[in-house]
Amino acid sequence: MPSDRMISNPRLTRRQTLQAAAGASALAAAGPLAGVFAAASAPTPRTAVVLNPYQGVDWRTCGRHKAALHLHTLQSDGYHELAQVVAAYRQAGFEIMSITDHDWNYPNARIEWKHLPAEKASPYPKGPRGPNFPADPTWPWSDYGCAAPSALGMVGIQGNELTFRHHINSYFSDYGVWYTRTGKSAPYGGIVDAAGKEVWEDDQLFAIRDKGGLAVINHPGIPDSHAWWQRKPLDWYVDRYQKHAAGYLIGLEMGNNEPRQYPYDEGLWDQLLARFMPQRPIWGFANDDMHQMRGARQAFTVFFLQALSDASVRRAMQTGCFCICSSTKKIDYEQAPTSGSTFPKLAAVEVDETAGTIRLQVADCDQVRWVSSPESLEPVADYRTSDSPWPLGRVVHTGDTLHFRQVAGIRNYVRAELCRREGQDTHRTLTNPFGIGARPSS
């Protein structure tokens with residue numbers, strides 16, 4: 001497992017950062033006394049895969065489990081009851097789900113806003129309400145008119161979407177910010193805790209950590225035109241992932257609801273990976289952020305697990321043992337949940353250090369592209385108005401086998417994109433990043 005302590009400095013130049021990362025990887029691999037004897041006896045470093053999110057997977061026996069990790073119901077600003085959402089997604093083949101209702105909405109917001117008639121209102125939660133209502137999660141499911149996940153043969157993850165300032169998904173935690181402690185212009189008008197102290201994103205992330213939860217930073221590319229949303233500069237994300245350990249701040253959400261977010265979100269992901277890998281992984285998550293099942297975008301996660309359990313899902317979320325799928329094509333989970341598209345399948349990953357290769361076994365795939373660090377770490381447009389403010393990761397190779405010691409342009413990480421065309425639509429499956437660094441030759 002990689003260290004949670006980041007070795008390189010995200011604000012160094014690209015050359016300095018990569019040189020520091022390579023040297024740190026070599027010293028870490030050589031052992032605690034490496035620095036003492038490095039000048040006299042260090043072996044010649046060799047390019048290697050120093051971080052493999054799929055290490056140890058038995059591809060012959062592992063299960064592939066679809067997960068929806070960002071869903072809303074009538075308990076905040078969604079359009080459907082919890083039981084309806086669970087039934088539809090279960091019919092569509094999902095086995096892992098997290099209901100992430102907003103912590104700052106009272107139940108039945110769509111009724112209050114006249115988007116739904118009063119007779120559609122949810123009666124839940126029935127009393128007694130929890131002390132953190134309405135910021136508590138929609139959990140357990142059995143308190144909201146739905147069978148327990150175990151009774152449905154599923155894994156349910158306690159979840160909450162923290163909505164004040166930047167949205168953050170909290171998993172395996174009941175943390176939420178009290179609605180009644182906000183300023184008049186929530187989510188930016190001031191949020192205070194019980195002691196009157198103002199609450200910021202770092203405070204929320206530390207609170208998730210202290211409750212034993214996991215966190216993912218949500219949909220950075222939402223347009224900067226909503227009253228409830230403000231895009232953040234690249235340095236803001238760098239600071240968050242530098243300040244918060246990979247043990248609990250595990251990733252970045254991509255493939256959210258709007259197609260225009262893709263270059264923004266993926267460009268940001270590659271910019272962060274170029275700065276942090278391989279010492280500090282940032283896993284990518286794809287979610288449809290479903291509020292209304294009609295016209296949801298196909299975006300989800302596929303976990304590779306030997307056994308379907310809460311513990312195995314949590315471990316995979318922390319180690320990156322999953323891939324993400326996203327499409328330009330929508331689906332109606334309410335009317336036709338089984339009509340989902342065929343996505344490229346990642347059947348196996350084989351890393352051969354002797355041959356210097358990463359080989360993928362794929363199916364239903366037109367092309368495999370390998371992506372590494374962007375050409376430049378400098379912005380090319382205003383992040384507030386442009387949907388492509390940063391250079392995207394560079395495609396360094398195509399084909400199911402990558403010779404990582406031979407292909408030019410590979411720097412501190414590489415990730416694979418599996419693509420499939422269906423008429424005017426594109427379906428993609430993305431791996432998590434492989435860390436590339438220097439390891440002393442034996």
Side-chain donor-acceptor contact under 3.5 Å, [X] with [Y]:
X	Y	result
Ser170	Asn160	no
Tyr237	His166	yes
Tyr89	Asp288	yes
His72	Glu161	yes

Looking at the rings of [X] and [Y], which for Trp means the six-membered one, are their centres under 6.0 Å apart?
X	Y	result
Tyr106	Phe133	yes
Phe434	Phe404	no
Tyr383	Tyr264	no
His102	His291	yes
Phe94	His65	no

Report the relative orientation of the aromatic rings in Phe164 and Trp104; use parallel for angles under 30°, tilted for 30 to 60°, perpendicular for over 60°.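 Plane angle over 60°, so perpendicular.
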Listing, residues 209-217 side-chain donor-acceptor contacts under 3.5 Å, not counting sequence neighbours, or none:
{"from": "Lys211", "atom 1": "NZ", "to": "Asp174", "atom 2": "OD1", "distance (Å)": "2.9"}

List in chain and number order the residues that pass salt bridge (Lys or Arg N to Asp or Glu O under 4.0 Å) with Glu378, two or more places apart in sequence or in another chain; answer none if no residue qualifies.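 None.
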[Y] and [X], any side-chain heavy atoms less than 4.5 Å apart:
X	Y	answer
Ser326	Gln298	no
Tyr124	Glu81	no
Thr138	Gln158	no
Val302	Phe322	no

Residues Asp270, Arg415: salt bridge by 4.0 Å N-O rule: yes
May I ask you to decide whether Arg110 forms a salt bridge with Glu112, counting only side-chain N to carboxylate O separations under 4.0 Å?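 Not counted as a salt bridge, because no side-chain N and carboxylate O are separated by less than 4.0 Å.
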Measuring from Leu308:CG to Ile96:CD1, what's the distance to the nearest 0.5 Å? 5.5 Å
Apply side-chain hydrogen bond (donor to acceptor under 3.5 Å, both in side chains) to Thr73 and list each qualifying residue two or more places apart in sequence or on a separate chain. Asp101
Relative to Trp229, does Arg231 satisfy both conditions: NZ or CZ under 6.0 angstrom from the six-membered ring centre, and within 45 degrees of the ring's axis? no
Is the number of heavy atoms from other residues, nucleotides or ligands under 6.0 Å of Lys345 NZ greater than 12?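 Counting neighbours around NZ of Lys345, 12 or fewer heavy atoms of other residues, nucleotides or ligands fall under 6.0 Å, so no.
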